[in-house]
Student: 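After the structure tokens below, expect a handful of questions from me.
Fair warning: this is a prediction, and the values are worked out from it, not measured in the lab. Labels below follow one simple rule: chain letters A, B, ... track the order of the sequence lines, proteins then strands, and each chain is numbered from 1.
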2 protein chains.
Amino acid sequence: MHKEHTLTKNQQIIFDLINKSSEPMKAYSILFNVQKKGIKAPLQVYRALDKLVKIGKIHKIESRNAFIACHNSSCQVANATAFSICEICEKVTEISSASLSKYLANFKDKDGMKYSKYNLEFFGLCKKCDTK
Amino acid sequence: MHKEHTLTKNQQIIFDLINKSSEPMKAYSILFNVQKKGIKAPLQVYRALDKLVKIGKIHKIESRNAFIACHNSSCQVANATAFSICEICEKVTEISSASLSKYLANFKDKDGMKYSKYNLEFFGLCKKCDTK
DNA sequence: TTACATAGTGTTATATTATAACAATTAAAT
DNA sequence: ATTTAATTGTTATAATATAACACTATGTAA
Ligand SMILES: [Zn+2]
Ligand SMILES: [Zn+2]
Ligand SMILES: [Zn+2]
Ligand SMILES: [Zn+2]
């Protein structure tokens, strides 16, 4: 079963914004967009983002310092994320591939060490940009 | 064959520092450490870092905003990087696994798209921290 | 219901990471 | 020798993120 997290007011406002967005959002762009709803300070944004990341509702795209909503059934895999990033238009897509996640979840390094968590970012050209 | 890049003075100073370091270094820590050698401004550091990343002598650990020297024979795989990161002691190790890099280099997403580049960061506990 | 613990809020200030813009210099290519 | 690209030095500023503190709401357990 899957424990539902009840979001607080700030968390809900910020999640809704990110979830509606078609592209990853940066913290200060989020801040700008929620100021009319009473969220005035960076810290309010970062605190909500931290929590949303922790519970898997959003993910951070580390190479871009930006945040995207999880579209992986709200995410059972907060600890196992993979994205494709277009280097021209910056379109970001969450990859959900059973074989990929299986491969990585079972990956052991030389010393036989297994990992509890990973983040993978692929770079290339999206379909649209590739044909230009 | 492998084209050697001749480093400029600033690039060499900064590479030497990172290369000697046993842990990833942050830009402003690098700056602090090379000030006695005449590199005085952040931009001088960032420019050298950019170049060193581009030619594969160092890699950026995106989740940590830190830089580590490549120990993968100075790196044929600047575009295909994988690291393990200990969440307690922050030890970072570059993973060089033929099977992993083969798997990822050949990975295609749903749409059959292939990628020219990737970065993978694994998180967990290193041997030392795991036994505590 | 009272006490306690945990999580979230609002606020101000500040730390950290990174780039813009411009003038000058050096190295490489034609 | 000319010109092109890469690098440098410098000042200023932008963008990203956290510290510290006082306060409020929520959940749990006597
Ligand atoms: Zn997800
Ligand atoms: Zn694109
Ligand atoms: Zn490497
Ligand atoms: Zn460790």
Student: Chain B on DNA chain C: first and last contacting nucleotide, 5' to 3', under 4.0 Å to a heavy atom?
Tutor: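 Going 5' to 3' along DNA chain C, contacts run C:dT17 to C:dA21.
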
Student: May I ask you to evaluate whether B:T8 reaches the phosphate of D:dT8, defined as a side-chain N or O under 4.0 Å from OP1 or OP2?
Tutor: yes

Student: Rounding to 10 degrees, work out the angle separating the end axes of the helix from C:dT1-D:dA30 to C:dT30-D:dA1 (five pairs an end).
Tutor: 50°

Student: Nearest heavy-atom pair of B:N19 and B:A69: which atoms, and what distance?
Tutor: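 Looks like OD1-CB, 3.4 Å.
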
Student: Output the rounded distance in Å from CD1 (B:I55) to C1' (D:dA6).
Tutor: 13 Å

Student: Figure out the CG/P separation between B:L7 and D:dA6, and round it to whole Å.
Tutor: 16 Å

Student: Looking at B:Q11 and B:K51, what are the two nearest heavy atoms and their distance?
Tutor: NE2-CG, 3.5 Å

Student: Please determine whether a side-chain nitrogen or oxygen atom of B:K51 lies at a distance below 4.0 Å from atom OP1 or OP2 of D:dT7.
Tutor: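 It does, given that an N or O in the side chain of B:K51 lies less than 4.0 Å from OP1 or OP2 of D:dT7.
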
Student: Do B:L31 and B:L52 share a hydrophobic cluster, counting only Ile, Leu, Val, Met, Phe, Trp and Tyr and linking them when any side-chain heavy atoms are less than 4.5 Å apart?
Tutor: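 Yes, B:L31 and B:L52 fall within the same hydrophobic cluster.
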
Student: Hey, are the side chains of A:I95 and A:F83 touching, using non-hydrogen atoms and a 4.5 Å cut-off?
Tutor: no

Student: Of all of residues 33-49 of chain B, which get a heavy atom below 4.0 angstrom from DNA chain D, listed by number?
Tutor: B:K40, B:A41, B:L43, B:Q44, B:R47

Student: Per the side chain to side chain contact (heavy atoms under 4.5 Å, CB included) rule, which among B:P24, B:C86, B:C126, B:S63 passes with B:V92?
Tutor: B:P24

Student: Hey, does A:L104 have a side-chain heavy atom less than 4.5 Å from the side chain of B:L120?
Tutor: yes

Student: Should A:I18 and A:L49 count as side-chain neighbours, where that means a heavy-atom distance under 4.5 Å?
Tutor: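 Yes, at least one pair of side-chain atoms sits under 4.5 Å.
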
Student: Can you measure A:Y28 atom OH to D:dT13 atom P for me and round it to whole angstrom units?
Tutor: 18 Å

Student: Looking only at the side chains, is there a donor atom on one of A:N10 and A:Q12 sitting less than 3.5 Å from an acceptor on the other?
Tutor: no

Student: Just by distance, with hydrogens left out, do B:S84 and A:Y118 show a side-chain donor and acceptor under 3.5 Å apart?
Tutor: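 Per modelled atom types, B:S84 and A:Y118 side chains form no pair under 3.5 Å.
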
Student: Let me know, please, whether A:K26 or B:Q11 comes out on the 5' side of the other along DNA chain D by nearest nucleotide.
Tutor: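 Here B:Q11 is the residue nearer the 5' end.
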
Student: Can you measure A:N65 atom CG to D:dA14 atom C1' for me and round it to whole angstrom units?
Tutor: 13 Å

Student: Taking the side chain as C-beta and beyond, is there a heavy-atom pair between A:H59 and A:V53 under 4.5 Å?
Tutor: no

Student: Find the distance A:F32:CZ to D:dA15:C1' and express it as a whole number of Å.
Tutor: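 Rounded to whole Å, this separation is 16 Å.
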
Student: Please report the closest heavy-atom contact between A:K57 and A:F15, naming both atoms and the distance.
Tutor: O-CE1, 3.5 Å

